[in-house]
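Lettering of chains follows the sequences in order, A, B, ..., and the numbering in each one begins at 1.
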There are 2 protein chains.
Amino acid sequence: MTLESPSIIDVAKKAGVSVATASRVMSGSTYPVSDGTREKVLIAAKELHYVPNSLARSLKAQRSKLIAVLVGDNADPYFAQVARGVEEVANAHGYLTIICNTERDPDRELSYLQTLQDYRADGIIFTGSGSDETSVPEQLEIDAMVEKIQRRGAAIVILSPHSIQAPSIQPDNLGGAYELTSYLISLGHKRIAFVTGPGNVTVANQRLHGYRQALTDSGITPDDTLLLPGNFTQAGGERAAGMLDQFPREKRPTAVFACNDETAFGLMYGLRQRGWRLPEDISICGFGNLPMARMVTPSLTTVNIALRELGRAGAQKILTLLQHQETPTQETFPTTVVKRASTIPLEHTAGVQQ
Amino acid sequence: MTLESPSIIDVAKKAGVSVATASRVMSGSTYPVSDGTREKVLIAAKELHYVPNSLARSLKAQRSKLIAVLVGDNADPYFAQVARGVEEVANAHGYLTIICNTERDPDRELSYLQTLQDYRADGIIFTGSGSDETSVPEQLEIDAMVEKIQRRGAAIVILSPHSIQAPSIQPDNLGGAYELTSYLISLGHKRIAFVTGPGNVTVANQRLHGYRQALTDSGITPDDTLLLPGNFTQAGGERAAGMLDQFPREKRPTAVFACNDETAFGLMYGLRQRGWRLPEDISICGFGNLPMARMVTPSLTTVNIALRELGRAGAQKILTLLQHQETPTQETFPTTVVKRASTIPLEHTAGVQQ
DNA sequence: TTGTACGCGTTATCAA
DNA sequence: TTGATAACGCGTACAA
């Protein structure tokens, strides 16, 4: 019983060959090794239960076989799905996946970038922490860090709008929001409220723009009193429900576009708590098509983003970049409207004179 | 502009000291260094934007500052919450968190253990992949691998029943299920169905035992025709709904205990699809208290497990073990019944003669 | 086809 | 208090 794990030296000794030869066999080098020798080494390795030390290997090779995914919160279903996709592809190619919860805090983001540089992470995937504020004090440092990481040869990919410069795959937030709003309009709705995202997160603003554009294109003037502040959380949705409940009856919107599903869930819950009937009293829709969107009552109309697939695509792009192969700098990821029971025609909405 | 990141040699050169001295300053060693020299090194390091190479450091120190969490699927809210807690504590102590999706497949579990051994992961947290079958062919290999990892000095902690030998923190599944079932009984229910978990996953069986025990203790004979097969997923819950719908009216249960929340969500959805009214036609409860449990309609009665806190506790235990400090081998993690709207007294249930 | 010997970036041991 | 050097385990020029 060996207390220490055996090194390649032990394998070489046991096989009666040099370390170089043993290494060539174990590392799957293309270097020629005679079949007999190869066999001996493999047997020795098996008998010793030899496991190569990835740390040493990485140190030597200047690459770690680590891929990190930076998310706001891995317990948020949106990020969880993306991370799952990343891990799938990473694992299939022999990479480990590191999870980094930034809590949308630039300080934490920067701190993680430092650490990932320390570990010589081969790939870093940003998802969903991008803010409009190009003027956050940390931005300069983050940019510098990113550049440094890229110079080292690591690959960076962003899966949502972000101020940094890197290849990206972006869900079509604007298009999805436009289509979804158009759908509401096609149902007859004109007074459509919008629950915003946190502060100046770009994704949320893209959806807001899509919403506005669709209204304008249909000859409806966007009404800013119908903009309710949210923050991508259920709690934010519940607060919006409270505000909605305060509207004078004649000014009430007949539909609400919550800028993500979580918000829509909270909104539905909050409205029902206050005695509203859904969808009779108001149509509601979200964005993201989380697994629960189908399950809630009424089932939620929303915009589908194939999140797991997005994660997979992101990881693939990292791998492609690491192989110095060509890949588009900017890719758009399609979104599609999913029509369900939470949105109904205006004429079926309660309190609407036919 | 340097293309390569500077090493400690560069720092030493620039500061005009030896590598040893530079290292002593940078690594925060307790070794005495004169203030002047220390200053010089720190300035040089700052100017060069020196970042220590964690790989080399780990290789030398024989520890990686990596903590891995093995989960069935990180997109499952249960695991996502636990992983979040792990990451919080890990990050606060300078560790990176690696996510490993085993898909409950022993082969993948084994493969990941190998890789984690390669990387000299300092801590490994198992959560929720434990099965009753001690006879899976891989079990022997997994046991051997685990022992090897522990011999190396790495810490292993399990957060759910698992066949391997390691310190554990176990949610009180049996107690929670017992209490929850007792609550249903106190509402007057006698015909209580149970939707099981996948195959022979121990967690699910613990909950089943709690359910049975509570029935027996109340003088109700458990009826195996009320056991519906599930698999911890929404789809499983939907299937169970189909089976429930087939029951002859007089044999219908008046309440269902779904052995996790996901299953309960699917069950509620499936029943409603078939025209059932909830909770009037049947009381439903789950297990886990996921964030969505409160938001569904009707809000779900369930058993709370402080999952994020469980993850935190697991990571803490890892840290404690790594410092060779005392920590209980077996800890129980409390669970509490959360009463909500999805369960009602028997006499309020439709079709029940008063 | 095989072996020798060095370097990857740190830290620890020893000597000065 | 400081410096030279070995070691961690691996891969690879270069030599044989």
Please state how far atom [atom1] in [X] lies from atom [atom2] in [N], giving the value in whole angstrom units.
| X | N | atom1 | atom2 | answer |
| --- | --- | --- | --- | --- |
| K60(B) | dC8(D) | NZ | C1' | 6 Å |
| R152(B) | dG9(D) | CZ | C1' | 14 Å |
| I8(B) | dT5(D) | CD1 | P | 18 Å |
| K13(A) | dC10(D) | NZ | C1' | 15 Å |
| L48(A) | dG9(D) | CG | C1' | 15 Å |
| I9(A) | dG11(D) | CD1 | C1' | 13 Å |
| R63(B) | dT11(C) | CZ | C1' | 10 Å |
| K40(B) | dT1(D) | NZ | C1' | 12 Å |

Between [X] and [Y]: side-chain donor-acceptor atoms closer than 3.5 Å:
| X | Y | value |
| --- | --- | --- |
| Q170(B) | H162(B) | no |
| Q117(B) | R152(B) | yes |
| S163(A) | Q139(A) | yes |
| T320(B) | Q325(B) | no |

> Counting only heavy atoms not in E103(A), do more than 12 fall under 6.0 Å of its CD?
Replying inline: yes
Can you tell me how far the [atom1] atom of [X] sits from the [atom2] atom of [Y], to the nearest 0.5 Å?
| X | Y | atom1 | atom2 | result |
| --- | --- | --- | --- | --- |
| Y112(B) | Y119(B) | OH | OH | 10.5 Å |
| C100(B) | I99(A) | SG | CD1 | 11.0 Å |
| R108(B) | N101(B) | CZ | CG | 7.0 Å |

For [N] and [X] - does any side-chain N or O of the residue sit under 4.0 Å from the phosphate oxygens OP1/OP2?
| X | N | result |
| --- | --- | --- |
| S18(A) | dG3(C) | yes |
| S23(B) | dG9(C) | no |
| Q62(A) | dG7(C) | no |
| T21(A) | dG3(C) | yes |

>> Run D122(A) and K65(A) through salt bridge (Lys or Arg N to Asp or Glu O under 4.0 Å) and show every step you take.
In response: CA-CA 6 Å; D122(A) 291 337; K65(A) 287 263 177 177; over 6 Å; no
Filtered N/O pairs between nucleotides 13-16 of chain D and protein, under 3.5 Å:
unit_1, atom_1, unit_2, atom_2, d
dC14(D), N4, Y31(A), OH, 3.3

> So how far off straight is the helix from dT1(C)-dA16(D) to dA16(C)-dT1(D), going by the axes through five pairs at either end, to 10°?
Replying inline: 50°
Tell me which donor-acceptor pairs under 3.5 Å the side chains of residues 41-49 of chain B have, and how far apart each pair is, sequence neighbours excluded?
none

> Of all residues at least two apart in sequence or in a different chain, which pass the side-chain contact (heavy atoms from CB on, under 4.5 Å) check with L110(A)?
Replying inline: E141(A), I142(A), M145(A)
Tabulate below the donor-acceptor pairs under 3.5 Å that side-chain atoms of residues 19-28 of chain A make, not counting sequence neighbours, or state none.
unit_1, atom_1, unit_2, atom_2, d
T21(A), OG1, S18(A), OG, 3.1
S27(A), OG, S23(A), O, 2.8

>> Under 4.0 Å, heavy atom to any atom of DNA chain D: which of residues 51-59 of chain A qualify?
In response: P52(A), N53(A), A56(A), R57(A)
> Base, sugar-phosphate, or nothing: which does S27(A) touch, judged by heavy atoms less than 4.0 Å apart?
Replying inline: sugar-phosphate
